[in-house]
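All of these numbers come straight from a predicted model, not from anything done at the bench.
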Amino acid sequence: MIDLISLENREKEIEKYLEQSDQNFCDITLGEKFMWQDYYKTAFCIYNQTLIMRETAEDGTECFYYPIGEDCDGALLKIEEYCLEKKIPLVFTCVDDAHDDLLEKRYAYSK
């Protein structure tokens, strides 16, 4: 299982990944992550040169961003394992159209 850690004082570790993201959401910027890290309980890990990032929604639901980096498929597998082990639903947040299409194909039978 992935070991997600708090973002507190570790923003620089994720900066290079956020900068290489092709998604155009303010949620995928270092400033947003820094400002809202406590409110959304932002946590992350780096798996195989890929950023996995999780936040907690207002209702307590754990939500993941689409991974950023070299091994998105491997990172998605780790996210799946995390959710299965914790017995929580697999939920993504702030997904653009291109990545939404990829997730829709990957989880075609999850609707």
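Other residues, nucleotides and ligands contribute at most 12 non-hydrogen atoms within 6.0 Å of the CD atom of E8.
Using a 4.5 Å cut-off on side-chain heavy atoms (C-beta onward), E62 and V91 make no contact. Here the side chains of F92 and H99 are not in contact, with every heavy-atom distance at 4.5 Å or above. A 4.5 Å side-chain heavy-atom check between L103 and L76 finds at least one atom pair inside the cut-off. Residues Y66 and D96 have side chains not in contact (no heavy-atom distance under 4.5 Å, counting atoms from C-beta outward). In this structure, the side chains of T29 and L18 stay at 4.5 Å or more apart for every pair of heavy atoms.
The distance from the NZ atom of K33 to the CG atom of L7 is 8.0 Å, given to the nearest 0.5 Å. Between atom CD1 of residue I68 and atom OG1 of residue T50 there is a gap of 10.0 Å, rounded to the nearest 0.5 Å. Rounding to the nearest 0.5 Å gives a distance of 7.5 Å between CG of L84 and CD of E80. To the nearest 0.5 Å, atom CD of residue E13 and atom CG of residue L51 are 10.5 Å apart. For the atom pair CZ of R54 and OG1 of T93, the computed distance is 13.0 Å after rounding to the nearest 0.5 Å. Put simply, OH on Y65 and CG on D27 are 4.0 Å apart, with the number rounded to the nearest 0.5 Å.
Residues D73 and R106 are paired through a salt bridge, judged by an N-O separation under 4.0 Å between the basic side chain and the carboxylate.
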Can you give each donor-acceptor pair under 3.5 Å made by side-chain atoms of residues 41-48, sequence neighbours left out, with the distance rounded to 0.1 Å?
unit_1: T42; atom_1: OG1; unit_2: E55; atom_2: OE2; d: 3.3
unit_1: N48; atom_1: ND2; unit_2: D71; atom_2: OD2; d: 2.7

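Across all their heavy atoms, P67 and C72 have their closest contact at O-SG, 3.3 Å.
In this structure E19 satisfies the side-chain hydrogen bond (donor to acceptor under 3.5 Å, both in side chains) test with no other residue, sequence neighbours excluded. In this structure, the ring pair (Phe, Tyr, Trp, His ring centres under 6.0 Å) partners of F64, at least two apart in sequence or on a different chain, are Y82.
The aromatic rings of Y40 and W36 are tilted relative to each other, their planes meeting at an angle between 30° and 60°.
No path of Ile, Leu, Val, Met, Phe, Trp and Tyr side chains, each step under 4.5 Å between heavy atoms, connects Y17 with M35, placing them in separate hydrophobic clusters.
The closest donor-acceptor contact from the side chain of E11 to the backbone of F34 lies at 3.5 Å or more, if one exists at all.
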